[in-house]
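Have a look at the structure below before the remarks.
So you know, we letter chains A, B, ... as the sequences are listed, proteins then strands, and number each from 1.
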There are 2 protein chains.
Amino acid sequence: MLMPTFAIRPAQARAPSCRSCPVRASALFGALDDETLDRVHGRIDTVRLQADALLYDAGATGSHVYTVRSGLVRLERITEAGDRRIVRLAGRGILVGPEALLRQPYGDDAVACTDVELCRIPRALLDDLGPDREPLARALMTRWQAALDDAARWNAEFGSGSSYWRVLQLLRHLVDLAPDGDPIWLPRREQIGMILGMTEETASRMISRLRREGAIEFAGPREARIDPERLEDLRRQAADE
Amino acid sequence: MLMPTFAIRPAQARAPSCRSCPVRASALFGALDDETLDRVHGRIDTVRLQADALLYDAGATGSHVYTVRSGLVRLERITEAGDRRIVRLAGRGILVGPEALLRQPYGDDAVACTDVELCRIPRALLDDLGPDREPLARALMTRWQAALDDAARWNAEFGSGSSYWRVLQLLRHLVDLAPDGDPIWLPRREQIGMILGMTEETASRMISRLRREGAIEFAGPREARIDPERLEDLRRQAADE
DNA sequence: CGAGCCGTTGAGGGGATTCAAGCTCAGTGG
DNA sequence: CCACTGAGCTTGAATCCCCTCAACGGCTCG
């Protein structure tokens, strides 16, 4: 069954400055010097999406890569059985849609989980860099490798164990993705199911249970606060059976 | 519980020739011209492993990448819950251990599924290429992207559905990985469980069922023949419920 | 205020796990 | 030669977890 994702025409604006970008150190162009950075800067737009807005469609051939400046983006795809699954989450600093650099169609739908701010980087920009391309190539490979490792970990951690355990794992991951102190993004129950491979009812039961157990507290629509120590306790407890 | 994987000291030999490599077109150095290729060739060794031999350990910092020339390699890692999971399979032409290029420790254990032949490429070789590095960088990125897409697909396809459905999916994947006409690698039942997130008993029941249904036929230890049409029939049938 | 979405909870059934026994087969040593 | 052993596979029976189907409540929005 298809989810009603709806696209919002992105409000685009020149990025304030790449030089003073808060994610510069960890960002794609972190390796470039100030001078090159200024040259690059004029061609990078800011894209703002509200929650549940579509960034791009699987199958579309885009000419842009994106870096998540703030917020959370999910990557979804449809299985051969016909149901939708979330295969990865991209938080601050993460590169989204690198396949565009290779002139390949996007492999997933990219959808905003929360309100999101992204840098939109044209593929052509990277080709134009000339001699400065080299440190960038290395930065790109590092991103790709990080994404690959993330996918593998996702696979291993979310792929086995009881539904209770998997929900615990997911919550910890969501804590890691949220800025320190901020409430986490709490997916809709159906979406938890799309991440962990369970039904929305089961997801609901597990979240309710964790609420009773004092590990999670709702903090608004799609938001929650986690008690990290409590969560760790419960994870240890569940791991020992 | 740990699997008894045992290491075999790889029999190393100079590769016959990169120029005439059967996987050259799809291989890492496919983009290089004959001349450069000959220069490169002297530094690439052939590694032969027998089934269940360890190629490298997760956490080890290696200085080599490998290309699968023949056979099948599995990538495993230990989850936080402490059980071992198989996160990806690498068949002919696939690059294994690219993180070594970034001087990062390997993220998974790499283990031979069948007898395997690999090209062992030193990290330093890529640094030494100089001006020829550029097409190579692109080839590398393409590999990384392919691996990422594979991991995401793995995630989506093996992460939901009944155990019967997931075993059907796995068998189709194994057919794709085997050379045309060759029998497929049939994992031990416990390993099917490590791939699909189920117990060995359940895996056994599903394989037995598919044998009764005429989709699979054993062809030796760890090997089997698949009837592709029958398999497709059963998949369609299972998809319609 | 009714409609629809989202979340929650219950009851029941079914599929997967657990626990267990038995089988085949290869390797080993008496 | 053959009993013995252990690993891998299969199958059965009982249990339990998760799914299915269903009803209901809170909430937002037209």
key: Flag for A:T46-A:R120: side-chain donor and acceptor within less than 3.5 Å   = no
request  = Would you kindly say whether A:R92 and A:S70 are connected by a side-chain donor-acceptor distance under 3.5 Å?
outcome  = no
task = Find the distance A:L186:CG to C:dC6:P and express it as a whole number of Å.
result = 14 Å
key: Heavy-atom donor-acceptor pair, A:R48 side chain to A:L118 backbone, under 3.5 Å   = no
query = A:R188 CZ to C:dG7 C1': how many Å, rounded?
reply = 11 Å
Under-4.0 Å side-chain N/O to phosphate OP1/OP2 contact, A:S204 with C:dG7 = no
ask   = Is it true that A:R153 and A:D149 make a salt bridge, defined as a side-chain N closer than 4.0 Å to a carboxylate O?
value = yes
message = So, does A:R189 get its side chain near the phosphate of C:dG7, meaning an N or O under 4.0 Å from OP1 or OP2?
response = yes
ask   = To the nearest angstrom, how far is A:I192 atom CD1 from C:dC6 atom P?
value = 14 Å
query = Which letter, B, S or -, goes with each nucleotide of nucleotides 17-22 of chain D from 5' to 3', with contact meaning a protein heavy atom under 4.0 Å?
reply = -SSBB-
ask   = Under a 4.0 Å N-O cut-off, is there an ion pair linking A:E157 with A:R166?
value = no
task = Indicate yes or no: does A:E201 engage A:R205 in a salt bridge with an N to O separation below 4.0 Å.
result = no
inquiry  = Applying a 4.0 Å non-hydrogen cut-off, can you work out what A:S208 is touching in the nucleic acid: base, sugar-phosphate, or nothing?
reply    = sugar-phosphate
key: Between C1' of C:dA16 and CD of B:E190, the distance in whole Å   = 17 Å
inquiry  = Side chains of A:W185 and A:E223: any donor to acceptor distance under 3.5 Å?
reply    = no
inquiry  = Nearest whole Å is fine: how far is C:dT8 C1' from A:L210 CG?
reply    = 15 Å
ask   = Can you tell me how far C1' of C:dA20 sits from CD of B:E200, to the nearest Å?
value = 13 Å
N/O (side chain, B:R211) to phosphate O (OP1/OP2, D:dC9) under 4.0 Å = no
message = For the helix from C:dC1-D:dG30 to C:dG12-D:dC19, what angle separates the axis at the start from the axis at the finish, each from five pairs, in steps of 10°?
response = 0°
request  = Identify whether the distance between the nearest side-chain nitrogen and carboxylate oxygen of A:R84 and A:D108 falls below 4.0 Å.
outcome  = no
key: Rounded distance in Å - CD1 (B:I207) to P (C:dA16)   = 14 Å
Value in whole Å for how far the P atom of C:dG7 lies from CD of A:Q191 = 8 Å
query = Does A:R74 pair with A:D52 as a salt bridge, N-O distance under 4.0 Å?
reply = yes
